[in-house]
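Ligands are counted one by one from 1 in listed order, and the atoms in each one are counted from 1 as well. None of these values were measured; they are calculated from a predicted model.
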Amino acid sequence: MSETTVLGTPAVVRLLLDAARQLGETLEPERVYDRFHELLGDVVPHDGVVVSSFDGADGLIRCEYAWVEGNRVDPTLLPPLPLNREGGGMQSRVILTGEPLLANDVVERVEQDDGTYYNVDREGNVRKIPEAGQSGTTAAMMVPVKHEGRVVGVVQLMRDSGEYSASELEVFEALVGQMAAAVRNARLRAERSRLEAAEAAARTRAAEREQAARVLEVVGDAIFLLDAEGRVALWNRAAEVITGRTGAHARERPVTDVFPEWDLLAERIPVADAASPPPPVTLPVELDGRDLWLSFVAVRSADGVVYAFRDLTSERRLDEEKSDFVATISHELRTPMTAVYGAAQTLLRNDVEFRPEQARELLEMIATQASRLSQITEEVLLTTRLDRGDIRVEHDPVDVGELARAAVLTMTPQLAEPAAIELQIDADVPPASGDADRIQQVLVNLIDNAVKYGGASVRIRVEAANGFVRIAVADTGPGIAQGEQERIFEKFYRGDPQLSRAPGGTGLGLYISRELTRRMGGRLDVYSEPGAGAVFVVELPRAGQP
Ligand code: ADP
C-alpha cells in the first residue's frame with residue numbers, strides 16, 4: 001500500500017474534474033447517485049455501493065441508494081437502522097466519529113462487533129447476518145457525508161474479494177465529497193422549483209379568486225355565503241340591489257339582520273352538494289315592509305353554504321294576474337252564455353206553443369246577454385291593447401258638457417227611475433282636449449258603476465277648474481273603503497260582490513277608464529267616505545293649452 005497521496009496524479013485529477021462537471025450538471029438527486037456510481041466505475045473496484053442518510057432528529061440511518069453486483073436495489077428494502085451510540089457497527093462508528101473507515105477484515109468484524117449487518121443479493125433479497133451465514137463482503141470503505149460540520153450520511157463501498165488501499169480511500173473520499181455537494185445542489189434546486197411552482201399556483205389561485213369575485217359582482221343573481229356561525233361572508237351587487245341592503249351593512253353580520261325570518265326560510269331551502277344541481281324553491285319573503293317572492297338555490301361549499309336568489313315578484317304577480325284573468329273571464333262569460341243557451345233551447349222546443357210576447361221576451365234576453373258578451377270581449381281586448389301601448393287617442397277640442405248629456409241619455413233607458421240622474425253643467429266650461437269617443441266611454445263606465453254600486457241617485461257636475469275641465473260623478477251608495485281606493489283601479493280587481501250586491505263585472509272598467517284618461521293627458525281619482533257615497537273625478541286638460 002503506497003503512503004504517498006494519489007490525488008495529485010493526472011488520471012485522478014482528470015477523474016475528479018470530470019466528476020465535478022458531470023455531477024454539477026445533474027439536477028435530480030436520484031440521478032446524482034447513478035452518475036456518482038458510474039464515475040466510480042473501474043477506478044475503485046467494488047461489488048456493492050450503499051448511500052445512507054442519517055437524520056439527527058430521529059437517530060435513524062436510512063438507505064437512499066443501493067447497488068449490488070450490477071443491479072440497482074430498491075433502497076426501501078433495507079430497513080432503517082438506529083444509530084448505535086455505544087460501540088455498534090461500522091456505519092454508526094463513522095457517523096459518531098465523522099472519520100472515514102477502511103476495513104479489510106469485514107468478515108471478522110461482522111462476527112465480533114454488535115452492529116446489525118445484512119447480506120443483500122443482486123435480486124434485492126435482504127438477509128440478516130449471522131442467521132444468513134457469514135458476510136459475503138471481505139473489504140469495505142465508509143466515508144461520512146457532512147453538512148456544516150454535521151454528519152448527514154454515509155457512503156459505503158464493498159468488495160467480495162481482495163482488499164482496499166489507502167489511496168483508493170482517498171479517491172473515494174474525494175468523489176463522495178463531490179457527490180454530496182451535487183446532491184445538496186440538486187436538492188436546493190428541486191426545493192427552489194417546488195417553491196416557485198407553489199408561488200405560481202398561489203398566484204393563479206389568487207387571480208382565479210379575483211376573477212370569480214369580479215364575475216360574482218356582475219351576475220344578475222344575488223349571491224351570498226353563510227359561514228358556519230350563520231354570518232354573511234359574501235354579499236354581491238345583485239344581493240344589494242334586490243334587498244336594498246349594501247354589502248357593508250350585510251357582511252360579517254348575522255343573516256337574520258337582513259332576513260328576519262331566516263330560520264323559517266332556511267328550513268325550506270334544500271342545500272345540495274356541489275356535485276348535484278340544487279332544486280330552486282320560490283318563497284315569500286318580507287323585506288323592510290316589502291312583500292317579495294324570491295327563488296333560492298343553495299350549495300354547500302368548503303367555506304359554508306352559498307345561497308343564490310333572484311327576485312320573481314313581478315313574474316309571480318303576472319302569474320296571479322293571469323289566473324285572475326282566466327277565473328274572472330270564465331266566470332263572467334258563463335252567466336250570459338248560459339242565459340243565451342237556455343233561451344235559445346227554450347225557443348227551439350217543438351212541444352210548446354209560445355205566445356208572441358213570450359217569444360219576444362226570450363229573444364230580448366238573448367240580445368241583452370249577447371251584448372253583455374261582446375262588452376266583456378271588448379273590455380278584455382281593450383285592456384290588452386292598452387297594455388301593449390297600441391291605443392291611439394285623439395287630442396281634439398271636445399265639448400264635455402255635450403258628451404255628459406249624451407252619456408246620461410245612453411244610460412237612462414237602463415235605469416228603473418229616469419229622474420235619478422242629475423246633471424249640472426256650469427256655464428263657462430271651456431272645451432277640453434281629448435278623444436270624444438273615449439271620454440264618452442269613461443263617463444258611461446262611471447255612471448254605470450254609480451248606478452250599479454251606488455244606488456238611487458247619481459249627480460254629475462261638469463265645471464272648469466285650474467286649467468282643467470272637471471267631471472265629477474257622485475253617488476249616495478256605500479262608498480269605498482280607504483284601503484280599496486287605489487286597488488279598484490287595478491286590472492281585474494273587484495270589490496266583494498257580497499258587500500256591493502252588484503251584478504257581475506270584469507273588474508276592468510276603472511282600469512280602462514283611468515288608462516284612457518291618462519293617455520288624454522288627464523287623471524281619474526276617487527274620493528269617498530265609507531257610508532257617504534263615492535265621487536269619481538275626471539280632469540281633462542283644456543283645449544289649446546300646451
Ligand atoms: P266592475 O264594475 O266590472 O267590477 P270596475 O273596474 O268598474 O269593475 O270596478 C271595480 C270595483 O270598484 C267594483 O267591483 C266595485 O267594487 C268598486 N266600485 C266601482 N265603482 C263604485 C262605486 N260607485 N261605489 C262603490 N264601489 C264601486
Considering only heavy atoms of [X], which atoms of ligand 1 have at least one such atom less than 4.0 Å away?
| X | value |
| --- | --- |
| F536 | 20 (N), 21 (C), 22 (C), 23 (N) |
| T506 | 3 (O) |
| K452 | 2 (O) |

Are the side chain of [X] and the backbone N or O of [Y] linked by a donor-acceptor pair below 3.5 Å?
| X | Y | value |
| --- | --- | --- |
| Q358 | R355 | yes |
| R310 | G220 | no |
| D475 | A534 | yes |

In the structure I gave you, are the side-chain heavy atoms of F354 and T346 within less than 4.5 Å of one another anywhere?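 A side-chain contact under 4.5 Å exists here.
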Please confirm whether G477 comes under 4.0 Å of ligand 1, counting heavy atoms of the residue only.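 Per 4.0 Å heavy-atom rule, G477 does not contact ligand 1.
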Among Y493, F489, Y453, Y511, whose heavy atom sits nearest atom 27 (C) of ligand 1?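 Considering heavy atoms of Y493, F489, Y453, Y511, the nearest to atom 27 (C) of ligand 1 sits in Y453.
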Return the option from L508, V535, D475, I512 holding the heavy atom at the smallest distance from atom 23 (N) of ligand 1.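 Of the listed residues, D475 has the closest heavy atom.
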D319/R316 salt bridge by N-O under 4.0 Å criterion: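 A salt bridge is absent here (no side-chain N lies under 4.0 Å from a carboxylate O).
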In this structure, which one of V458, D448, L443 forms a side chain to side chain contact (heavy atoms under 4.5 Å, CB included) with M411?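 Option passing the side chain to side chain contact (heavy atoms under 4.5 Å, CB included) with M411: D448.
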Indicate, as side chain, backbone, both or neither, the part of [X] found under 4.0 angstrom from ligand 1 when only non-hydrogen atoms are considered.
| X | value |
| --- | --- |
| E484 | neither |
| D448 | neither |
| L510 | both |

Less than 6.0 angstrom separating the ring centers of W262 and Y307, yes or no?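 Ring-ring flag for W262/Y307: true, centres closer than 6.0 Å.
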Flag A534 as yes when one of its N or O atoms lies below 3.5 Å from any N or O atom of ligand 1, and as no otherwise.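 Such a contact does not occur with ligand 1.
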